[in-house]
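One structure is given here, and the rest of the page talks about it.
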Amino acid sequence: MKLGKIIENTGAVILHGKEDMEISSICNDSRKVTAGSLFIAVKGFASDGHEYVDSAMAGGAAAAVSADRKALALIACNFYDNPSRKLKLVGITGTNGKTTTVTLLYKLFRSLGYECGLLSTIANYVGSRRLETANTTADPITINSLMSQMVAAGCEYCFMEVSSIGVEQERVAGLDFNVGIFSNLTHDHLDYHKTFAEYLRCKKLFFDNLGAHAWAITNADDKNGLVMVQNTRAKIVTYSCRAAADHCGRIMEESFQGMQLRIDGSEVWTRLVGSYNAYNIMAIYCAAVALGTPKEEALLALSGLESAPGRFEVLAGPSGINVIIDYAHTPDALENVLKTLRDVAPEKELICLFGCGGDRDRTKRPEMGKIAEQLSDRIIVTSDNSRTEKTEDIMEDIRRGLSPRAKALFIADRREAIRSAILTAPQGATILLAGKGHETYQIIGTEHRHFDEREIVNEVYKTLTD
């Protein structure tokens with residue numbers, strides 16, 4: 001593709017090269033330059049790409065341009081021939097529920113016979129081909145490259161998570177969304193956004209930018225649900241589990257195996273559990289209907305879905321013990337899953353094991369400690385991804401949210417904490433392992449260490465049955 005075509009209407013400025021030059025690839029990392037590349041110099045948070053222009057040209061780049069973050073995204077769209085316009089693109093934003101919702105939408109539409117793509121926290125998929133992922137919302141070049149592969153593979157739909165940071169950093173600029181979904185807004189990412197108002201603004205910006213042809217689906221039960229869509233040009237659809245809305249759902253019955261829901265007057269059994277999952281299901285149902293799926297067909301497909309990995313994942317053990325692995329890493333998510341466990345097994349002892357991520361929002365740590373004490377019988381505070389912070393310092397932040405009466409153990413080694421939780425649990429107890437979910441590693445310092453809670457739980461179970 002010609003350089004002039006690639007940067008057309010993006011605002012990028014040519015530093016080296018001419019508009020009629022042929023470009024074979026694009027990158028914004030000088031270390032990834034190959035012969036024929038266009039190097040896009042962008043001023044980032046950690047470094048300024050303009051400092052690496054000479055290095056990129058020496059490495060074989062055919063041309064270099066100066067661009068801001070939005071221009072980078074628009075260049076990526078142009079270079080890959082705007083693949084989002086050739087897909088039915090669905091994006092979901094919100095504090096909790098993004099991964100479950102997009103993963104289940106991907107599974108639902110595949111069950112209906114469509115080829116689909118998925119861009120999520122857990123993994124990216126081009127059809128059935130799995131690709132690893134590094135961020136909730138990838139960089140614009142990666143996003144457009146993957147969508148281009150989806151188009152080539154015959155995909156009709158793409159479902160993607162849209163983070164507030166991704167919106168603020170213009171990673172989704174230029175993408176043509178058919179559906180935008182809002183799940184909820186609670187305490188998270190204030191280490192980055194600094195204030196809740198700024199966090200809300202970045203979420204809302206996603207809906208402000210939707211086109212008039214799109215659908216804006218929002219949770220009417222969240223206090224910010226209608227705020228999100230108040231300036232959108234898209235057609236608005238509301239869902240609720242408590243009040244009147246365009247689509248309404250109610251939990252009729254639930255257990256560790258699943259729950260019975262009434263949605264728009266019809267009843268459906270789903271393998272998901274908990275009120276927060278009822279909201280995820282409503283969002284999925286609304287999106288499916290907005291995309292033209294008959295209601296009965298959507299409900300039938302919902303009944304066959306299983307949750308995303310690490311989301312209310314039940315590992316049944318000896319003596320009636322149930323260990324629940326869940327990604328809950330925010331105050332609201334922890335409260336939701338603990339309340340669900342109370343509802344499902346009200347007479348059983350509930351043990352909550354959790355930590356908090358290092359180099360992240362410190363203000364939520366004592367709040368999560370307070371919630372854990374209020375809703376569980378015993379607490380085990382441990383490590384999560386401590387990163388460059390000391391685990392003991394993170395645990396001390398959590399301790400500040402506990403009362404002097406709290407039944408809490410502090411065990412820095414998460415493996416030992418899990419062993420202690422299971423080995424000291426009474427018959428029939430419920431144990432929540434919160435925060436890691438789908439992750440199969442721990443980040444200590446800058447090192448990723450293998451750490452799979454399923455393996456650890458099953459090892460401990462084996463010692464109890466040998």
Side-chain angles (χ1 to χ4, degrees), residues 3 6-17 23 25-34 36-80 84 91 93 119-121 124 131-148 160-175 188-195 198-199 201-203 205-206 209 357-361 385 387-389 443 445-448:
L3 174 59
I6 294 171
I7 65 170
E8 187 177 13
N9 298 322
T10 66
V13 176
I14 297 175
L15 301 175
H16 291 278
I23 300 297
S25 64
I26 60 173
C27 65
N28 62 334
D29 185 336
S30 61
R31 295 166 296 183
K32 297 180 180 179
V33 162
T34 57
S37 290
L38 167 63
F39 177 67
I40 308 160
V42 180
K43 186 173 183 179
F45 292 101
S47 62
D48 186 345
H50 296 84
E51 297 175 2
Y52 300 94
V53 172
D54 291 343
S55 174
M57 298 306 296
V65 298
S66 174
D68 59 20
R69 288 181 293 186
K70 184 174 183 178
L72 169 64
L74 297 178
I75 287 170
C77 291
N78 285 346
F79 180 77
Y80 288 102
S84 69
T93 195
L119 302 177
S120 80
T121 300
N124 299 322
L131 302 164
E132 294 305 315
T133 183
N135 300 100
T136 299
T137 306
D139 66 90
I141 296 175
T142 300
I143 289 172
N144 282 277
S145 172
L146 287 169
M147 287 187 183
S148 179
M160 72 175 292
E161 294 185 48
V162 179
S163 69
S164 56
I165 296 173
V167 173
E168 195 275 335
Q169 293 182 358
E170 302 278 11
R171 296 183 208 166
V172 295
L175 299 183
D188 200 16
H189 295 307
L190 297 193
D191 55 309
Y192 179 88
H193 294 295
K194 306 307 179 187
T195 67
E198 177 62 12
Y199 181 39
R201 185 192 71 81
C202 291
K203 293 287 190 189
L205 191 58
F206 172 59
N209 290 334
D359 303 331
R360 297 294 186 268
D361 183 4
N385 295 323
R387 299 184 178 87
T388 63
E389 281 193 76
I443 307 174
T446 57
E447 180 186 356
H448 281 64

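Basis for what follows: all heavy atoms, side chains included, without hydrogens, waters or symmetry-related copies.
The minimum heavy-atom distance linking Y80 with I141 is given by the pair CE1-O, 4.0 Å. Across all non-hydrogen atoms, the minimal contact from R171 to I165 is NH2-CG2, 3.6 Å. Nearest heavy atom pair, residue P140 against residue E170, reads CG-O, 4.3 Å. Nearest heavy-atom pair across L74 and G174 is CD2-CA, 3.7 Å. When all heavy atoms of N28 and F39 are compared, the closest pair comes out as C-CE1, 3.7 Å. Taking both residues in full, the closest heavy atoms of A138 and I143 are given as O-CD1, 3.2 Å, listed atom of the first, atom of the second, then distance.
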Practice problem: Take R69 and V42, measure what side-chain contact (heavy atoms from CB on, under 4.5 Å) needs, and give me the verdict at the end. | Solution: CA-CA 7 Å; R69 288 181 293 186; V42 180; 3.9 Å; yes
Exercise. Please lay out, stage by stage, how V167 and V162 fare under the test side-chain contact (heavy atoms from CB on, under 4.5 Å).
Key: CA-CA 7 Å; V167 173; V162 179; 3.4 Å; yes
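Put simply, the side chain of M147 reaches to within 4.5 Å of the side chain of L119, judged on heavy atoms. Contact annotation: the side chain of L175 approaches that of N144 to within less than 4.5 Å [non-hydrogen atoms, C-beta and beyond]. Side-chain contact check for V65 versus T10: every heavy-atom pair is 4.5 Å or farther apart.
For the pair E389 (side chain) and D359 (backbone), a donor-acceptor distance under 3.5 Å is present. Side chain of N78 to main chain of E8: a donor-acceptor pair is present (N/O by atom type, distance under 3.5 Å, no hydrogens or angles).
The CE atom of M57 sits 10.0 Å away from the OG atom of S37 when rounded to the nearest 0.5 Å. Atom CD1 of I7 is separated from atom CD1 of I26 by 12.0 Å, given to the nearest 0.5 angstrom. Rounding to the nearest 0.5 Å places CG of N385 at 4.5 Å from CD1 of I443. The distance from atom OG of S164 to atom CZ of F206, rounded to the nearest 0.5 Å, is 12.5 Å. From I14, atom CD1 reaches atom OG of S66 across 11.5 Å, with rounding to the nearest 0.5 Å. In this structure, I6 CD1 and C77 SG are separated by 13.0 Å, a value rounded to the nearest 0.5 Å.
For T142 and S145, the side-chain atoms include no donor-acceptor pair closer than 3.5 Å.
Atom OH of Y52 is surrounded by 12 or fewer heavy atoms from other residues, nucleotides or ligands within 6.0 Å.
Ionic pairing of D29 and R31 is present here: one or more N-O contacts between side-chain nitrogen and carboxylate oxygen are shorter than 4.0 angstrom.
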